[in-house]
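The structure under discussion appears below in the form of structure tokens.
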Number of protein chains: 2
Amino acid sequence: MPKLGMEPIRRAALVKATIDEIGAAGNLDVTVSSIAKRAGMSSALAHHYFGGKEQIFLAAMRHTLAIYAAEVRLALGQAQGHRARLEAIVRAGFTSSNFQPDVIAAWLNFYVLAQTSEDAHRLLQLYQRRLHSNLVHDLRPLIGTGADQAAARIAALIDGYYLRQGLARDAAERSDATRQVLAFLEIELKGRVQ
Amino acid sequence: MPKLGMEPIRRAALVKATIDEIGAAGNLDVTVSSIAKRAGMSSALAHHYFGGKEQIFLAAMRHTLAIYAAEVRLALGQAQGHRARLEAIVRAGFTSSNFQPDVIAAWLNFYVLAQTSEDAHRLLQLYQRRLHSNLVHDLRPLIGTGADQAAARIAALIDGYYLRQGLARDAAERSDATRQVLAFLEIELKGRVQ
DNA sequence: TTTTATTGATTGACGAGTCAATAAAGAACA
DNA sequence: TGTTCTTTATTGACTCGTCAATCAATAAAA
């Protein structure tokens, strides 16, 4: 019973199923069939709408990135002042939604894919540039020269902590990433060399 | 012409070939056959010596980690004083040998594997703990309380920068990671909050 | 009747792991 | 010394399974 206008619905379902499937597997060794089954359709339909496996992956990655970007935007919208905005950026990166196993899996595999896929790399660069420019925007008024370098350090620290937290198993391994990055921000702001 | 005592030679060749193959592919989608061919033997022999694919991977990861550990040890051995030792640790993480594409590929895929493989996770923890304790050892005498936290930040920063540098394509994207991390170290040492 | 939705069946390829067979090196032994 | 046995090295061939992608066919809407 072909209802028209199914395409966006099917695509969304496939994207969702892809993220879930990658999360369950931990890697990109997931079949189009398993994704399609999880999304409640045949694999032929998945191919019909996306063309191939890699395109399905990329759509899933774009979706993950978009959610993160929206979270950052929201947090920034509610923050008052440079300092609060910086904190908002940091906090947005470490919300519990970002530590869902499937989101972590998406990011890690995203990094792997970025080595060889031009599209994935471009997407990653987009994320990195956005983060960097967000940080610089509110660091510059506070510390002027060196804001660029400080932003680079903070961005790398966010990524580094995310990686560690994401791969931590038990509570003992885990630390309060937000607090640590904020402490670092504190140091960058107050403990300027010079 | 079965010369005896081939096992260690074959194993080493397979480990080397595995790293090369993963480097060439960028991911773990490499076949035992391709690895064996690169190492100059049949796939059956690879199975004979390692049992299965995952064990070959783990051996390759262990090898990569061992090389890194040796580099750190060497650098530490030549450094005089706490400050110099800290710098040595940082520098060791960013030597050009660590930025060979195949080494980067090994690390990224290692992270992916650490999500699901108990062995890989254990190995990763080993690396993280060693780095942390190395840092604390020389931070404590310099800054006392808070050395633990500072070490955690520096370790995360190293990982974060490595990730960024490893995934950078052109020189424009790349920055001097060593200098940045050392600048941060400087801030941690001199710009103590309290 | 043209467009959109949908799938079962098929194709063509590849891959992990097994196994039986071959061969050489050393050990035991007569 | 020559003979037989055991261990180690090595591979071609094979099994069994999987999977991406295609296609022809069905069906409902416009």
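Heavy atoms only: backbone and side chains are in, while hydrogens, waters and symmetry mates are out. In what follows, every chain begins at residue 1, and chains take the letters A, B, ... in the order their sequences are listed. It should be emphasised that the depicted structure is a prediction, and the values quoted were computed from it without experimental measurement.
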Can you measure [X] atom [atom1] to [N] atom [atom2] for me and round it to whole angstrom units?
X	N	atom1	atom2	value
B:L28	C:dG15	CG	P	15 Å
B:M6	D:dT7	CE	C1'	16 Å
A:E7	D:dA29	CD	P	19 Å
B:F50	D:dA9	CZ	C1'	16 Å
B:I35	C:dC14	CD1	C1'	15 Å

Okay, side chain of A:H48, backbone of A:S43: is any donor-acceptor separation there less than 3.5 Å?
->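 No, because the side chain of A:H48 does not come within donor-acceptor range (under 3.5 Å) of the backbone of A:S43.
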N-O pairing of B:R179 and B:E186 below 4.0 Å |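 A salt bridge is absent here (no side-chain N lies under 4.0 Å from a carboxylate O).
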Side-chain ion pair, A:D170 and A:R174, N-O less than 4.0 Å |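 No, this pair does not count.
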Which part of the nucleic acid, if any, lies within contact of B:G5, taking any heavy atom under 4.0 Å across all strands shown: a base, the sugar-phosphate backbone alone, or nothing?
->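 The residue B:G5 makes sugar-phosphate contact but no base contact.
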Taking the side chain of [X] as its heavy atoms from C-beta onward, which of [options] lies nearest to it?
X	options	value
B:H47	D:dA20, C:dG26, C:dT18	C:dT18
A:H48	C:dA16, C:dT6, D:dT22	C:dT6
A:L4	C:dA16, D:dA30, C:dT6	D:dA30

Return no unless some side-chain N or O of A:R10 is found under 4.0 Å from OP1 or OP2 of C:dT4.
->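 Looking at the OP1 and OP2 atoms of C:dT4, neither is under 4.0 Å from any side-chain N or O of A:R10.
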Side-chain N or O of A:Y49 closer than 4.0 Å to phosphate OP1/OP2 of C:dT6 =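 For A:Y49, the contact criterion (side-chain N or O under 4.0 Å from OP1 or OP2 of C:dT6) is met.
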Partners meeting side-chain hydrogen bond (donor to acceptor under 3.5 Å, both in side chains) with A:R140 (sequence neighbours left out) |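 For A:R140, no residue satisfies side-chain hydrogen bond (donor to acceptor under 3.5 Å, both in side chains) once neighbours in sequence are set aside.
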Does the side chain of B:T95 come under 3.5 Å of the side chain of B:S97 through a donor N or O and an acceptor N or O?
->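 Checked: B:T95/B:S97 side chains pair up, N/O donor to acceptor below 3.5 Å.
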For DNA chain D, find the residues of residues 37-46 of chain A with a heavy-atom distance under 4.0 Å and give them by number; none if there aren't any.
->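 Per residue number, the list reads A:A44.
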Excluding sequence neighbours, so at least two apart, what forms ring-ring contact (aromatic ring centres under 6.0 Å, His included) with B:Y68?
->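 With sequence neighbours excluded, B:Y68 shows a ring-ring contact (aromatic ring centres under 6.0 Å, His included) to B:Y127, given in chain and number order.
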